[in-house]
Amino acid sequence: MSYTMQRDLFSPETTTEQTTGLFADVVFDRPLDHPFTYAVAPELRERIAVGKRVRAPFGRGDKATVGYCVRLSETPPERQVKDLLGVLDDEVLLTDNLLRLTRWMADYYLCGWGQVLNAVVPAGARDKAGTRTLTFVEAVPEAGLKELPTGETPVSPQDRTGETPVSPQDKTGGTPVPPKQAAVLELLRKAGKAIEQRQLMQQAKCGPGPVEALVAKGLARRVARRVDRFVDSTHGEETPAGPVVLNDDQLGVWNQLEPALKQGGFHAFLLHGVTGSGKTEIYLRAIEEVIRQGKEALVMVPEISLTPQTIQRFRGRCGEVAVLHSHLGNAERGGHWRRVAAGHAQVIVGARSAVFAPAKRLGLIVIDEEHESTFKQESTPRYHGRDVAVMRARLENIPIILGSATPSLESWHNAQRGQYTLLSLPQRVLDRPLPHVGLIDLRHEPPKRGRPSAISDGLDYAMRQALKDGGQVMLLLNRRGFSTHVHCPSCGHVETCRFCDLALTYHKERDIMLCHYCGFEQEPQRNCPLCGQSAVRYQGLGTEKLQVEIEERFPRYVVRRMDSDSMRKPGSHARVLSAFRKGLIHILLGTQMIAKGLDFPNVTLVGVVNADMGLHVPDFRSAERTFQLLSQVAGRAGRGPQGGRVLVQTFTPDHPCIALAATHDYVGFVSAEMAHRRQHNYPPYQRLARIIVRSRDQQAASAFADQLADAFQRTLQTLFAQSPPEVRLLGPAEAPVFRLKGYYRFHFQLQSPSAALLHQVLRDVLPAQRMPGGVEFTLDVDPFNML
Ligand code: ADP
Ligand code: ZN
């Protein structure tokens, strides 16, 4: 039914009588925290259900707007309400628990429930992308008409509206059927089931004529079926690895997990195990256990580890695996989603958004690499996939395992206070040692003549040794591009982005100057645009420049680069990894893309070109991130019997995050870092909310930031008139990246030891704010990005 028709049907004159009846609460994709009530006309009562999408008049001019029905009630509202215009979905898209989970998210992250719901159900599942209605043909059994199985709509040639066909009669009256038709009929009868019409014509090598004739004679009939036609691209080489015998540490862990899995009920575990300690083996056992109970398991991994390798490991052991992540096309994503909703998948593996998998019999959630920042979504709703997963486990009343070699300080803190049960795998399997990590102090490198080099003599020597012995080398440099800033040696000018406060990076392969924040591109200039004089200099080191240097140093070896520039083509990631595995690549260099999760036994040397790169970022998590990255990349070395080692180049070898990563001392690092966090009132001791005010007009942004900060100050003074304030306001100040994408940005933070108090303050202040034109603000609860 078209929208205009419905408008006429439910125009004000025909509004449903509202003293009795059915009323629907609807939320829209807007930052509003309350639902709107609509009357449900009798025609829609059969179709409406909580969790379905509806169309309703909303906003200025009562525009027909899509929203989600979140509640149905027979109690009439106090005021006359408008009528719903229509119901969009045939099936409910959300389970009760997902509705509760999203409601909680709207409260916790202070955004609209409708905004959350819109992010939860992938577009491919909403619009049935990848499903198609196809016409099938089947033989009409001689002995009268059989009941059609449910879910199928018969179609007769004249009537394609989906009504039950009139019982066709055999009008042939025994006259012989022409040979072509007979052949088609024979095919259909032999098949004993409906065949898709085009396939049938192919098999019978005929056109539509004979099929049409058979249908007209009542010997065959057409059936419409909705079929899933997505191509599952997540299949690869299967690696059916059998279960291994657990070692003593793994047994210790398993003995604590098994009862919780058997018993069910909410229980959160933090599995801290060094790289290669057999964590995945534990996940697999746990999953096998819940599958045995007839339940489903959800496995969340960072986007970057969703390699065919990871997926195959689960496929090899755990039955039907569905894959959910945002890089799949709409149709494929929708297809996997519907498989999960229909209960056809035992294991769901996916990235952040998989936490919303519509599984109905969830028995376990696993989050691998729980510390990864990609679990945090940086657009509305700004949720943390790990925290939402813990909440979901609570709602489903099931166990959850958070695993990592370097747990986040938040999770470690939760384990320390007994919220999570800590499980440890302190050693690698099969007595494989952790690799030796050597630090190369760049402050003591002898100065070189000519071009500065990225590789010290020590690292160069170690690479030659490793390659000579038949090993492979990985080099980490966490910055892409050729040079990180382009500088004029005579006037000092540095080319910056037209829209951001950031230097442009020169990308040599594409011969372009690129802003890494907003994607702005500009032609490179050979002479300084300011003084026009001298040739500009390409300074700073990116992966492209490193590749040039390495290829010059090691002309006899195959060097490949892996970063988001070289991996733009779909499938290139898998291709390079496969070639590296086969030994066709000797040196693999790249950004953090190469640091995570990969298991290449022949890598005997890992080099970190500059360990300090992320350390001086104005973000309280910079040390934690550096420690994590170094530990991760070190974990790539020595996974095979020949062992291996790591060399880290740094200007700050004494910084705890570098010194303690070198000795694989996670516990030492967290104790040092925890003390620091406590002293500076940072998470996990305090909760944070960050507010960014932005505008293209600097004055307007600044004025509104001041106004908002004043409003918070007043509320804080009222709330904490007598006591010392338990919520503190820091700022407003210019954000570290002051100008971004053409917007001027001011930010401030609220800190509190109590999440509840923080929420109370935010709820008191924010809804009352009137935004001046051209000014926007974003609220980030538990922020990860501090720039
Ligand atoms: P992690 O997830 O902690 O990095 P994995 O579970 O991937 O560790 O284990 C690393 C390697 O050791 C894998 O190849 C795995 O099959 C193997 N492995 C795990 N547990 C055992 C065991 N008890 N005995 C032998 N090999 C094991
Ligand atoms: Zn920019």
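Numbering of ligands and ligand atoms starts at 1, following listing order.
In this structure, E288 does not pair ionically with R285, as no charged nitrogen and carboxylate oxygen lie closer than 4.0 Å. Salt bridge annotation for E673-R621: absent, with no cationic side-chain nitrogen under 4.0 angstrom from a carboxylate oxygen.
Close to ligand 1: R313, with a non-hydrogen atom less than 4.0 angstrom away. Look at L425 and you'll find every heavy atom at least 4.0 Å from all atoms of ligand 1. Taking 4.0 Å as the cut-off, S277 counts as a neighbour of ligand 1 on heavy-atom distance.
With hydrogens and angles ignored, the 3.5 Å screen pairs no side-chain donor or acceptor of Q749 with any backbone N or O of G731. Judged by distance alone, the side chain of K279 and the main-chain N or O of V274 form a donor-acceptor pair under 3.5 Å. The main-chain N or O of V321 is found under 3.5 Å from a side-chain atom of R315 such that the two form a donor-acceptor pair. Judged by distance alone, the side chain of N602 and the main-chain N or O of G470 form a donor-acceptor pair under 3.5 Å.
Proximity to V245 (heavy-atom distance under 4.0 Å) selects the following atoms of ligand 1: 22 (C), 23 (N), 24 (N). For ligand 1, the atoms lying closer than 4.0 Å to a non-hydrogen atom of V274 are 3 (O). Under a 4.0 Å criterion applied to the non-hydrogen atoms of L246, ligand 1 contributes the atoms 23 (N). Numbered from 1 in the order shown, with element, the atoms of ligand 1 that lie under 4.0 Å from a heavy atom of N247 read 23 (N). Residue contact check: L430 has heavy atoms under 4.0 Å from atoms 25 (C) of ligand 1.
K376 pairs in a side chain to side chain donor-acceptor pair (under 3.5 Å) with only one of the listed residues (N785, D780, D387), which is D780.
Within the 4.0 Å heavy-atom criterion, neither part of D368 lies near ligand 1. Both the backbone and the side chain of T280 come within 4.0 Å of ligand 1, counting heavy atoms alone.
For ligand 1, none of its N or O atoms has an N or O atom of V244 under 3.5 Å away. Residue G276 has at least one nitrogen or oxygen atom sitting less than 3.5 Å from a nitrogen or oxygen atom of ligand 1, judged on distance alone.
Using a 30° and 60° split on the angle between ring planes, Y666 and F627 fall in the tilted class, from 30° to 60°.
The distance between the ring centers of H371 and H272 does not fall below 6.0 angstrom.
When only modelled atom types and interatomic distance are considered, R479 and T505 share no side-chain donor-acceptor pair under 3.5 Å. The closest side-chain donor-acceptor pair between Q632 and T275, if any, does not fall under 3.5 angstrom. Residues S411 and E370 have side chains that bring a donor and an acceptor to within less than 3.5 angstrom of each other.
Around the Zn ion (ligand 2), the protein contributes the following N, O or S atoms under 2.8 Å, ordered by chain and number: C497 SG, C500 SG, C515 SG, C518 SG.
Shortest contact from atom 11 (C) of ligand 1 to any protein heavy atom: V429 CG2, 4.3 Å.
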